[in-house]
Amino acid sequence: MAAAVLLLLLAAAAGPGRADAGRERRDALREELLLSPLPTGDVAATFQFRTRWDADLQRGAVSHYRLFPKALGRLVAALGVRELHLALTQGFWRTRYWGQPPLQAPAGAELWVWFQPTVTDVDKAWKELSNILSGIFCASLNFIDSTNTVIPTASFKPLGLANGTDHHLLRYAVLPREVVCTENLTPWKKLLPCGSKAGLAVLLKAERLFHSSYHSQAVHIRPICRDASCLAVSWELRQTLTVVFDFFSSGQGKKDWSLFKMFSRTLTDTCPLASQSKVYVDISPKNKEKELLEVSPPPTSVHEAIVQGEKKTYAVYDLLSPSLFNTSRSLNVQLKWKRPQDSSEMPIPTLHAQRYVGGYGLQTGEICTLIYNTHPYRAFPVILLETVPWYLRLYVHTLTIITKGKENKPSYIHYQPAQDRRRPHLLEMLIQLPANSVTKITIQFERALLKWTEYPPDPNHGFYVGSSVLSALVPSVTAMKDMDVEQSPLFASLFPSSDGSSYFVRLYTEPLLVNLPTPDFSMPYNVICLTCTVVAVCYGSFYNLLTRTFHVEEPSRGRLAKRLANLIRKFRGVPPL
Amino acid sequence: MVAAAAAMAADEAERARGRRAALSFATIAVVLGLPLWWKTTETYRAALPYAAIDGLGQQPVQLVVPMAVVFGPGSVPGDLPRPLPFRDVQKMEISVNRERPPLRTSITSRYEMRYRSTTAQEEAALAAATAREADAALYLLQDTTLGSLTMYVVPETSSLLPQGINAYVGKHRSALVRAGGSLAALQARLREVTQVMSFTASSIAAVLSDRVPDGQLSFDARRNLKSSLGYEITFSLLNPDPKSHTVDWDIEGAVNRFVKPVLDKLSLVANFSVDSQILYYAVLGVTPRYDKESSSFLLSAHSLPHVINPVEARLGSSAASLYPVLNFLLYVPERSHSPLYIQDKDGALVSTNAFHSPRWGGIMVYNVEAPASPQASLPLHVDVDMARVMEVFLAQLRLLFGLSWEEVPPEFLLESPGNEGLADWELDHLLWAHTVENIATVSTTLTSLAQLLDKIGNIVIKDDVASEVYRAVASVQSAVTELSLGHLLAAFQASKEAVTSSERAFFDPSLLHLLYFPDDQKFAIYIPLFLPMAVPILLSLAKIVRETRLRKKEPTKMD
């Protein structure tokens, strides 16, 4: 009762304040599309929609939504979520060839959540959250349970405002088997204030988006500072979507592209709710020579920034500027190469990694991870997170880390062994990568036998082991300036940058596909039949032995001899015996 | 010869031993093997109170309304059977279709009336100038338990009530009634008043409407929300045309000012949560018809059912709770379709420009005035008049809860409930209906659960499921008892507990575990064991039987 009165008082106090604020919006939407040609000739398109709301979702008093989707807002408030990151991905971002991604995600579904310190039963909240999210996004996130959930200690720090990083409030799970398709995209689009009716979201046409080499859609919710003084909290919802289109193979060797060719749509109008709506095209020269490419129509402005340690030039189309739609009714950004690019040299990213399963046979195996540091003179540390399901029994004593032929001792190791059917292996290491080196990490495992009901459908396909996660502060070649987060493009502002000399990178390696010894599934019935037959045979002879009546019979000796004798007698014409 | 006889005897002994061995095998198999097999392959089924569940449907429900009839000075009818104070009981049968299970029972209402004359304080209160003041003064002197009623009888010629009004129903649980000359006339009038204030036969029948065949009930009866432990109320502002209209609504203030008092009062009935959202580019599924005469757009009544479905997809599910959702939509038509009006069946415009959908919620169309000059810059800013909107939505909310004053006779005057939006007796009205509905729901749930468990022998019944069932049965029985004692609140609480327990039992996931285990698979598993085991036993038993028959025949031949 007292609480209710207090609530009413609070509401009464809030009432006039809001009236004073008048027309000033407490929430804002920014949308952005980044188009970047990749070194291999593919084109990556990254959409980001950011809804920022100057209200504290946690207090529970907020229940009136405008731009922020109600379904997610209620979830955050009801379950005490402080930060939520969900990514659904199809395909694999090839860092080695495509360069550093703006936002990478592992194949399948990835979910990591920080809960509020007020949440008492984090596991229950986590279970409930994954179930609700699976309902909202039509994904099989309800398969997240204790066997694939881990609590990383170092890899996943809160991206938003946080006081205290007690990692018991963190949960992380990956479902590498999850397939992403249209039914996941539709609810994701529904969370956008303008839906797919106006603005950049018009381009999100499912049949084109899934006809691509890589598709990743994500939702990030986090609390951020409301202003520079950081006295109040705002909540930010970022919806990101990355697609990689392969034009080199489908476009007869030409690398030219346009919005229409990619999405089979063009931009016609803006979302009236967006306070910023921009298209960025990466036109940075690949080598020192003069520009090789040409964009049309002419961009409204050109933006230069240092993103992930590289100096980049972007052509910017501001959809809200009235001049853009004056000349033509729609915007179809096109890019043409002036002369065929010599594809001999491809820039290699400073940090990239590779992973595979070694070994032979169905009993033991080896997980090998290769981490490359191509920086010419700087060494830097990297945090590696491995989550391995319990049915691969890791042997930690076989863990070897070798760099340049010498053993590399990690400065921090956190290992949590698996428990059968209860939790997976978790291995976290902080490894120093010397300049210009390859580090090879191997660990051996043994394959466990599962119970016959534990095999998934089509067990001969193999079992997925989720990607391992590399988090690192990579030293930058060119110095970066401190940027104002509110002003800079969205793709540059999700991860906090520590200082001007390095930038944060999170990479995911390939997921692994491991074959486990798979039984013949009619086996249980065979076993039943065999056992029963053995029992029946033993029982039958025993029964016979006990119940047969035995007679003493005249020994009829030489029966065979008698018959033979009779046969001979027959031939001889003598009467038989 | 002797040797042969000895051999014969030995042979006979051997044969007898074989017979005994075969018989003991058969006995062990039957006495030990079968029970062991039965016991080890049995599914665990805790005992359930089948008889009590069956009895729930037949248990007569009696709704007892304690009621005080207080005669003011000069209003005592001449033909009273006994001197005041005295007690009297009036019964009324509520007809429910008894052919359909599970309510084969009868529902009777019982008004326990206590006739007495006024105390001095009440007399003073009744001397007030207006009925409203008298009601307020009397409220302090009343018994305020839920479900009880107090009727103050005033003289036929009293000036307390306006001309032509025979009964005045106050904000709380009392009414002022004109004496009406004779006791019979007074009792007839009292009956009408009590029915308005507590329940009528039709309101009780309406809450059981799911259990009565369709077609017997009016449309209104099916409008009421089903009783639930909680409701979620969602206000949505639909702005299909954000390019031309920027719509603002002060929903927070409106909820605090208009909705909160009502919900505070209703909090006894269920838990409520209120939220709101704004949806852009959400369009109705029907293109309105342009009417040249009024240069406006019209939505006819028969197209309204098609309006809701496309909107519903955008509303979003309530992922965080399982309570039913009440949607109230405010639709601001797009500029190319405004003004938009709703037409009723006769073609006349609906004055509120709103309609409601039974058990779902309501939609109101809010037209934006056209700008004075067509050159006015877009988007047009619109501030929604929340008082106008909330008036409609609250009226719809009352309708959805089945609180309508349509059945009130014209010579009755009802006091407006004021800021709270709900009079005390209306709350009682809801509680009566919901209690009866809960009892019927639990009885249905438990009966179908019992039938299901009875029909499918494979289902495991765990102890906690069984205990929930026992708890539900006990709660229903206590609800019925409390009802017959006239304790409305206790009965309602008990019926709520019964609903919770019965739903928990019915939806327990452990009931589904062994659901599919067909008999042919069982045979396939057991036959490899049972057949080789049973065949020798049966054969030797048959042989023994044949031999004994032969031996019995032989002596008769010897004769």
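Remember, it's a predicted structure, so these values are computed and weren't measured experimentally. Every chain is numbered from 1 and lettered A, B, ... according to where its sequence line falls, protein lines coming before strand lines.
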query = When you measure from the side chain of A:K70 to the backbone N and O of B:I278, does any donor-acceptor pair fall under 3.5 Å?
reply =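 The answer is no, because no donor-acceptor pair under 3.5 Å joins these two groups.
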inquiry  = Using only atom types and a distance under 3.5 Å, with no angle test, would you say the side chain of B:R314 pairs donor to acceptor with the backbone of A:K190?
reply    =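 Flag not set: sc B:R314 to bb A:K190 has no pair under 3.5 Å.
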query = Contact part of A:Y543 toward chain B, heavy-atom cut-off under 4.5 Å: side chain, backbone, both or neither?
reply =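 Both backbone and side chain.
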query = Which answer fits A:L191, side chain, backbone, both or neither, if we ask what part of it has an atom under 4.5 Å from a heavy atom of chain B?
reply =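 Contact with chain B involves no heavy atom of A:L191 at all.
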Top contributor to chain A interface from [options] [non-hydrogen pairs under 4.5 Å]:
options                : answer
B:S540, B:A16, B:P536  : B:P536
B:S276, B:A21, B:P532  : B:S276
B:F235, B:F530, B:Y280 : B:Y280

Spacing of [X] atom [atom1] and [Y] atom [atom2] [to the nearest 0.5 Å]:
X      : Y      : atom1 : atom2 : result
B:K243 : A:K197 : NZ    : NZ    : 13.0 Å
A:L546 : B:R20  : CG    : CZ    : 12.5 Å
A:L273 : B:Y281 : CG    : OH    : 7.0 Å

Chain A contact via [X] - side chain, backbone, both or neither, heavy atoms under 4.5 Å:
X      : value
B:S236 : neither
B:T234 : side chain
B:V255 : side chain
B:I537 : both

key: CZ (B:F272) with more than 12 external heavy atoms under 6.0 Å   =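 Counting other residues, nucleotides and ligands, CZ of B:F272 exceeds 12 neighbours.
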ask   = Residues in side chain to side chain donor-acceptor pair (under 3.5 Å) with B:N239, at least two apart?
value =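 Partners of B:N239 under the side chain to side chain donor-acceptor pair (under 3.5 Å) test: none.
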For the student: nearest non-hydrogen atoms of B:I251 and A:H64, plus distance =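 The answer is CG2-ND1, 3.6 Å.
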Nearest heavy atoms of A:L545 and B:R17, plus distance in Å =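 What the structure gives for the nearest pair is O-NH2, 4.4 Å.
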inquiry  = For chain B, which candidate among A:G195, A:P193, A:C529 shows the most heavy-atom pairs at distances under 4.5 Å?
reply    =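 Most heavy-atom pairs within the cutoff with chain B belong to A:P193.
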